[in-house]
Student: 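Structure below; questions to follow.
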Amino acid sequence: MAPPIRLYNTLGRSKQEFKPLQPGQVSIYTCGPTVYRYAHVGNLRTYLFADLLVRTLDYNGYQVRQVKNITDVGHLTDDTFDRGEDKMLVSARLEKKSPAEIAAHYTHAFLDDEARLGIRRADAFPRATEYVPRMVELVALLLEKGHAYESGGNVYYDISSFPDYGRLSRNTTAKLLAGTKGEPDHRKRSPLDFSLWKRGDKRLQVWDSPWGPGFPGWHIECSAMSMALLGERFDIHTGGADNVFPHHEAEIAQSEGVTGHRVVNHWVHGQLLFLSGTRMAKSAGNFFRITELEEQGHDPLAFRYLALQAKYRAPLNFSPDGLAGAGRALVQLRERVADWRSGPEGPTGDFGDRFLAAINDDLDLPAAMALVSELVRSDRAPGSKAALLLDWDRVLGLDLARGGPEPGELPIGADNLLTQRQKARAAKDYATADRLRAELASLGVQVTDTSEGQTWRTAPRG
RNA sequence: GGCGACGUAGCCAAGUGGCAAGGCAGAGGUCUGCAAAACCUCCAUCCCGAGUUCGAUUCUCGGCGUCGCCUCCA
């Protein structure tokens, strides 16, 4: 009997028992990337957390449908007076490519990056540009229902028409107003009203609408794509903590404004990745791509291991040392699984139940990882330890079946040195043997003596 | 200014009203010709102050400090 899954819900700020709308099935919408640049490991941490959620539900026997949007329409950096720049279009200009080319390039890179981290493919990756007609419909409905107004060619959401505005982020409109800075945009009734549709015909990306040519506001796409693919009610919506306000607050106002009822049951947000105490961000330039870490000799899954050791709801401080440590631990774990696989089997006690209890408790992967260590050190039968670890790997996603590192290719001349060393050792000429070991090491070959003779392995990366 | 987090060993990071998980690094030991690996052992009174309590790292209040959101951002 599996313990119930409890998930923290940003709406309500508490762990709540997860109950799917349809028995045995779960619908998840994961707020995806805007594809105007490469994703960094900070971005990927959020998709990793969503992946762990999907895998946990799958492990519990649920049939999961996950939708992850690809935003290939740029958003303005500043909504006021249309001053902001659109990042998609900036990238297109800088790289002298069309927005579609930019989007295609970074979308592929994103999917590759996800695969490197063992993130399972979502069931659907809707593109925002393909849902603009649906967005236009939603904006028209919001106008019809009195939640929006047209002004100066733009359409704005009237937050005073939605009393629940602020419930997710716990901001109140009165306090938000007090904190308003900068000059007000006089086309808006309230400075807090946000854009649903922006007029503009001089851009590279323009669509027709009842309000003239233009482009959609920043939040409407998620309302459109989530409801188009998952329906007017779905189970879980994931995203980064930075999206709570204003993005998801606006999404709730839009989706519920249109439908008149609650759309998302569980809002789950993953915390951000930090580097030297500040948020890893594209704009700050303090980031690593997963491919960069790979070029430095790290296994991409070492980052996954690192992330598994922290709660998804807590900020995580990234450091190259921490990553290296996680990598060492991962290699060792894989070697053990390889060693134990063919060993004898036996009972594993309550380890399986404890693992399930950990992951079902709001994705407590740190507890699960501690359990991995406890199991490894335990005196259970090796074959069963390996089998259990491989079973857990369905959730952990660390590719534990991979085995130890490959011996690698011997550099030229090393073969001869190895033979000489073997002879020297047989003759108990240890001075020569040690000299040859040092010589081999300088060639990048690590020699180890075992009871069955010497073994070697090429050093990781040259 | 508003909203929200957080401050635990050298680093990363869990956790609980009652002797502080785990990983990496480090120390000692076993093993080994030596080394490596492996194995064993060791390594924190939890930012400060006050309060509640038999007892607080864990609850409350007050400091100090760090960070996130309030512009696009995972």
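Just so we're on the same page: letters track the sequence lines, and every chain starts at 1.
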Student: Is there a Watson-Crick or G-U wobble partner for B:rC31 with both distances under 3.5 Å, and which nucleotide is it?
Tutor: none

Student: Determine the Euclidean distance between corresponding C1' atoms of B:rC64 and B:rG49; express it in Å to zero decimal places.
Tutor: 10 Å

Student: To the nearest Å, give me how far apart CG (A:Leu371) and C1' (B:rA14) are.
Tutor: 13 Å

Student: Side chain of A:Arg437, base of B:rA35: donor and acceptor closer than 3.5 Å?
Tutor: yes

Student: May I ask you to say what A:Ala324 touches in the nucleic acid, namely base, sugar-phosphate or nothing, with a heavy-atom cut-off under 4.0 Å?
Tutor: nothing

Student: Mind calculating the distance between CG (A:Leu333) and P (B:rC24) to the nearest angstrom?
Tutor: 10 Å

Student: When you get a sec, tell me which of B:rG23, B:rG33, B:rC73 is the closest nucleotide to the side chain of A:His247?
Tutor: B:rC73

Student: Distance between the C1' atoms of B:rA9 and B:rA25, in whole angstroms?
Tutor: 12 Å

Student: Measure from the ring center of A:His248 to the ring center of A:His269 and say whether it is less than 6.0 Å.
Tutor: yes

Student: So, is A:Arg279 close to the B:rC69 phosphate, meaning a side-chain N or O under 4.0 Å from OP1 or OP2?
Tutor: yes

Student: Whole angstroms only, please: what is the CG-P distance between A:Leu273 and B:rG68?
Tutor: 13 Å

Student: Using side-chain hydrogen bond (donor to acceptor under 3.5 Å, both in side chains) as the criterion, list what pairs up with A:Arg167, not counting sequence neighbours.
Tutor: A:Asp164

Student: Would a 4.5 Å heavy-atom cut-off, applied to side chains only, mark A:Phe194 and A:Ile159 as touching?
Tutor: yes

Student: What integer number of Å spans the P atoms of B:rC47 and B:rG33?
Tutor: 49 Å

Student: Within residues 106-128 of chain A, which residues have any heavy atom lying less than 4.0 Å from an atom of RNA chain B?
Tutor: none

Student: In the structure shown, which nucleotide is the Watson-Crick or G-U wobble counterpart of B:rU60, with both distances under 3.5 Å?
Tutor: B:rA50

Student: Base, sugar-phosphate, or nothing for A:Arg425, non-hydrogen atoms under 4.0 angstrom?
Tutor: base

Student: Counting the atoms with a prime plus P, OP1 and OP2 as sugar-phosphate, which does A:Phe245 contact under 4.0 Å by heavy atoms, base, sugar-phosphate, or nothing?
Tutor: sugar-phosphate

Student: Expressed in whole Å, how much space separates the P atoms belonging to B:rG68 and B:rG62?
Tutor: 24 Å

Student: Classify A:Arg377 by what it touches in the nucleic acid, base, sugar-phosphate, or nothing, heavy-atom distance under 4.0 Å.
Tutor: sugar-phosphate

Student: In this structure, how many angstroms lie between the P atom of B:rG15 and the CZ atom of A:Arg313, rounded?
Tutor: 9 Å

Student: Between the base of B:rG33 and the side chain of A:Asp434, is there a donor-acceptor distance below 3.5 Å?
Tutor: yes

Student: Nearest nucleotide by nearest heavy atom, which residue falls closer to the 5' end of RNA chain B, A:Ala431 or A:Lys311?
Tutor: A:Lys311

Student: When we call it a touch if two heavy atoms are under 4.0 Å apart, what does A:Ala367 touch: a base, just sugar-phosphate, or nothing?
Tutor: nothing

Student: Could you identify the nucleotide paired to B:rA9, looking across every strand shown and requiring Watson-Crick or G-U wobble geometry with both distances under 3.5 Å?
Tutor: none

Student: Name all residues meeting the side-chain hydrogen bond (donor to acceptor under 3.5 Å, both in side chains) criterion together with A:Asn317; count only those two or more places apart in sequence or in a different chain, and write none if there are none.
Tutor: none

Student: For B:rG68, give the paired nucleotide (Watson-Crick: N1-N3 plus N6-O4 or O6-N4; G-U: N1-O2 and O6-N3; both under 3.5 Å), or none.
Tutor: B:rC3

Student: Minimum heavy-atom separation for A:Lys68 and A:Ile119, please, with both atom names.
Tutor: NZ-CG2, 4.0 Å

Student: With ring centroids as reference points, do A:Phe318 and A:Phe288 lie under 6.0 angstrom apart?
Tutor: yes

Student: For B:rC42, which nucleotide in any strand shown is its Watson-Crick or wobble partner with both distances under 3.5 Å?
Tutor: B:rG26

Student: At 4.0 Å (heavy atoms only), tell me whether A:Gly270 reaches a base, stays on the sugar-phosphate, or touches nothing.
Tutor: nothing

Student: Could you tell me whether A:Phe49 contacts a base, only the sugar-phosphate backbone, or nothing, with contacts defined as non-hydrogen atoms closer than 4.0 Å?
Tutor: nothing

Student: Taking the P atom of each, how far is B:rG65 from B:rC19, in whole Å?
Tutor: 34 Å

Student: How many whole angstroms separate atom CG of A:Leu396 from atom C1' of B:rG22?
Tutor: 14 Å

Student: Base, sugar-phosphate, or nothing for A:Arg354, non-hydrogen atoms under 4.0 angstrom?
Tutor: nothing

Student: Taking only residues two or more places apart in sequence or in another chain, which ones pass salt bridge (charged side-chain N to carboxylate O under 4.0 Å, His left out) with A:Arg55?
Tutor: A:Asp51

Student: What's A:Ser373 touching, base or sugar-phosphate or nothing? Going by heavy atoms closer than 4.0 Å.
Tutor: sugar-phosphate

Student: Taking atom C1' in both B:rC24 and B:rU66, what distance in whole Å separates the two?
Tutor: 24 Å

Student: Answer yes or no: are there more than 12 heavy-atom neighbours, outside A:Lys423 itself, under 6.0 Å from its atom NZ?
Tutor: no

Student: Once you apply a heavy-atom cut-off of 4.0 Å, does A:Leu176 come out as touching a base, just sugar-phosphate, or nothing?
Tutor: sugar-phosphate

Student: Expressed as a whole number of angstroms, how long is the span from A:Phe194:CZ to B:rC70:C1'?
Tutor: 15 Å

Student: Who are the salt bridge (charged side-chain N to carboxylate O under 4.0 Å, His left out) partners of A:Lys97, not counting sequence neighbours?
Tutor: A:Glu95

Student: Are the side chains of A:Gln454 and A:Arg437 in contact, using a 4.5 Å heavy-atom criterion?
Tutor: no

Student: Any idea which of B:rA74, B:rA25, B:rG4 is nearest the A:Arg328 side chain?
Tutor: B:rA25

Student: Is there a donor N/O on one and an acceptor N/O on the other, under 3.5 Å, for the side chain of A:Asn43 and the base of B:rC73?
Tutor: no

Student: Look at all strands and tell whether A:Ala329 reaches a base, only sugar-phosphate, or nothing, counting heavy atoms closer than 4.0 Å.
Tutor: sugar-phosphate

Student: How many Å lie between CZ on A:Arg170 and C1' on B:rG68, as a whole number?
Tutor: 17 Å

Student: More 5' along RNA chain B: A:Lys175 or A:Met280, using each one's nearest nucleotide?
Tutor: A:Lys175

Student: Using the C1' atom on both, measure B:rG7 against B:rA14 and round to a whole Å.
Tutor: 15 Å

Student: Please report the closest heavy-atom contact between A:Arg37 and A:Tyr106, naming both atoms and the distance.
Tutor: C-CD2, 3.3 Å

Student: Tabulated below should be each protein N or O lying under 3.5 Å from an N or O of nucleotides 10-12 of chain B; please produce it.
Tutor:
none

Student: Expressed in whole Å, how much space separates the P atoms belonging to B:rC11 and B:rU16?
Tutor: 23 Å

Student: Return the minimal non-hydrogen interatomic distance between A:Leu7 and A:His266, and the atom names on each side.
Tutor: CB-CD2, 4.0 Å

Student: Can you find a side chain N or O atom of A:Lys282 that sits less than 4.0 Å from OP1 or OP2 on B:rA74?
Tutor: yes

Student: Counting only Watson-Crick or G-U wobble pairs whose two distances fall under 3.5 Å, which nucleotide matches B:rC19?
Tutor: none

Student: Which nucleotide in the list B:rA21, B:rG4, B:rA35 gets nearest to the side chain of A:Thr448?
Tutor: B:rA35

Student: Is A:His40 touching bases, backbone alone, or none of the nucleic acid, heavy atoms closer than 4.0 Å?
Tutor: base

Student: Is any side-chain N of the basic residue among A:Asp193 and A:Arg187 closer than 4.0 Å to the acidic one's carboxylate O?
Tutor: no

Student: A:Asp242 has an atom CG; how far is it from atom P of B:rG68, in whole Å?
Tutor: 11 Å

Student: If you take the centroid of each ring, where Trp contributes its six-membered ring, are A:Tyr47 and A:Phe110 closer together than 6.0 Å?
Tutor: yes

